[in-house]
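None of these values were measured; they are calculated from a predicted model. For this chain, numbers begin at 1 and follow the sequence in order.
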Amino acid sequence: MTNTKTTGSSLADRNRSFDMADHPVPQGTEEIWRFTPVERMEEFFVDKVAGQAPAIEVTGGAEFETVSRDDDRVGQTVAPEDRVAALAWNSVKKAHVLTIPKDTELDEEVTVSITGDGSTDVAAMHLVIRAELHSKATVVLNHTGSARLAQGVEVQVADGANLTVVSIQDWDQDAVHVASHRMRVGRDGSLKHIVVTLGGDLVRVTSSSDFAGEGADLNMLGAYYCDEGQHIENRLLMEHNVPNCTSNSTYKGALQGEDAHVVWIGDVVIRKEAEGTETYEENRNLILTDGSRADSVPNLEIETGEIEGAGHASATAYFDDNQLFYLRSRGIPEDQARRLVVRGFFAELINQIGVSSVQNKLMESIEAELDIALELQNA
């Protein structure tokens, strides 16, 4: 465990520390909190919580253990960068460790079911996902039920390993989930990190990553569907600190209903020693009704000119009535035409996920959301 406190003007020079004292209570004006409705999660800004963590069950071929937080395999990625991430760390005595053993390739995905029991007390959880040397696996985290959860997730990809991690937030509508995903990818390792958010009252996932060797590849994908009054926030930090690594991120989301609010912050930092870097980030939002809001902020900081390429794109747009008119003019009913437009918006991203169970679940959830939207429209 490395406990370093850093501050500075760089995107990556943030207040990273395991110590609660290094993370003041947010006022909502700080850069990392300015889009978050902090008044809806004030109980997360205490020094320690003792609520009962959601139940956890694992199926699949991985090794799964519950260990002391002092275990050598825990705390090996970057330190927490905000108060809730530090809260999650300091509130747990035990951590869950899921390991894909060296040279093991799992044909079937490993499923980690995290189920809230409806408790209104804030709870903490820490999960470590380890892909050892030259292993290959897919791990799916399914969050369901209701909870108020401060969660830390470490993803450790060893040299030559190939890992896909999917985190699905399909909570009940009153849940509050604040998660910190901290990832490290080794030499010639590959990580596909996917965040799918469908349910919950307030869901904020911060994903930070760095590289531990040349030739590492990181692909970050995200999909979300935000309803009335819901707040969904994704904050990404990809820090290139070694040469010849690649990273890409693509997040897409749809919004409907009064006060539906999504936030996407994409930060990419290329350090001076990270020559040969290639990176790109993209966020697209589709607003389906008035009263919804999307904040999308891509940031790119480059400290060396010796890179392969770097870029970003961000767009937020209302539902395209021209597309709807085009489809209706060819005899397609309005309800079906609306479905086709939204399906088309998500199609490319969904096809990149590469996990059939997740792709099917996402499409089913989109269809269910469209049913709700059309019922409201026709009421």
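- Remark: K252 fails to qualify as a cation-pi partner of F346 under the 6.0 Å distance and 45° angle criteria applied to the six-membered ring.
- Clustering ILVMFWY residues whenever any of their side-chain heavy atoms sit less than 4.5 angstrom apart, transitively, puts I350 in the very cluster that holds V140.
- Taking the ring axis of W33 as reference, the NZ or CZ atom of R204 stays within 45° of it and closer than 6.0 Å to the ring centre.
- Within 6.0 Å of CD in Q173 there are 12 or fewer heavy atoms belonging to other residues, nucleotides or ligands.
- Looking at every heavy atom in both residues, E214 comes nearest to P243 through CG-O, 3.3 Å.
- Residues forming a side-chain hydrogen bond (donor to acceptor under 3.5 Å, both in side chains) with W171 (at least two apart in sequence, or on another chain): H177.
- The hydrophobic cluster containing L133 does not contain V242, counting ILVMFWY residues as joined when their side-chain heavy atoms lie under 4.5 angstrom apart, directly or transitively.
- Around atom CD of E348, no more than 12 heavy atoms belonging to other residues, nucleotides or ligands sit under 6.0 Å away.
- With rounding to the nearest 0.5 Å, the separation of CD in E278 from CD in E308 is 6.5 Å.
- Remark: D217 does not engage K192 in a salt bridge, criterion side-chain N to carboxylate O under 4.0 Å.
- Between C245 and G215, the closest heavy-atom pair is SG-N, 4.0 Å.
- Only one option out of E301, E239, H240 pairs with R271 in a side-chain hydrogen bond (donor to acceptor under 3.5 Å, both in side chains); it is E239.
- Ion pairing of D70 with K94 is absent here, as no side-chain N (NZ or NE/NH1/NH2) approaches a carboxylate O to less than 4.0 Å.
- For I100 against A62, the heavy-atom pair with the smallest separation is CD1-CB, 3.6 Å.
- For M220 against S207, the heavy-atom pair with the smallest separation is CE-CB, 3.5 Å.
- A 6.0 Å sphere centred on CD of E39 holds more than 12 heavy atoms belonging to other residues, nucleotides or ligands.
- Considering R73, H126, Q156 as possible partners of V97, the one that fulfils the side-chain contact (heavy atoms from CB on, under 4.5 Å) test is R73.
- More than 12 heavy atoms of other residues, nucleotides or ligands shown are found within 6.0 angstrom of CD on E367.
- What you find for I32 and E81 is that their closest heavy atoms are CD1-O, 3.7 Å.
- R293 meets the side chain to side chain contact (heavy atoms under 4.5 Å, CB included) test with F35, H261, D295; sequence neighbours excluded.
- At least one donor-acceptor pair closer than 3.5 Å links the side chain of E132 to the backbone N or O of K102.
- Under a 3.5 Å cut-off, the side chain of N90 and the backbone N or O of A86 do form a donor-acceptor pair.
- Residues L87 and V46 approach most closely at CD1-O, 3.6 Å, considering heavy atoms.
- L218 and I302 fall within the same hydrophobic cluster, where Ile, Leu, Val, Met, Phe, Trp and Tyr residues are linked whenever their side-chain heavy atoms come under 4.5 Å apart, directly or through other members.
- Y224 and Y318 fall within the same hydrophobic cluster, where Ile, Leu, Val, Met, Phe, Trp and Tyr residues are linked whenever their side-chain heavy atoms come under 4.5 Å apart, directly or through other members.
- Residue N351 qualifies as enclosed at atom CG: its count of foreign heavy atoms under 6.0 Å is above 12.
- Salt-bridge annotation for R339 and D371: present, with a side-chain N of the basic residue lying under 4.0 Å from a carboxylate O of the acidic one.
- Among residue pairs with one or both ends in residues 53-63, none qualify as side-chain hydrogen bond (donor to acceptor under 3.5 Å, both in side chains); sequence neighbours excluded.
- H312 has its ring centre no less than 6.0 Å from the ring centre of Y280.
- Under the 3.5 Å distance criterion, the side-chain polar atoms of D82 are matched with a main-chain donor or acceptor of V84.
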Check against side chain to side chain donor-acceptor pair (under 3.5 Å), T77 and R184: CA-CA 6 Å; T77 56; R184 176 162 291 159; over 6 Å; no

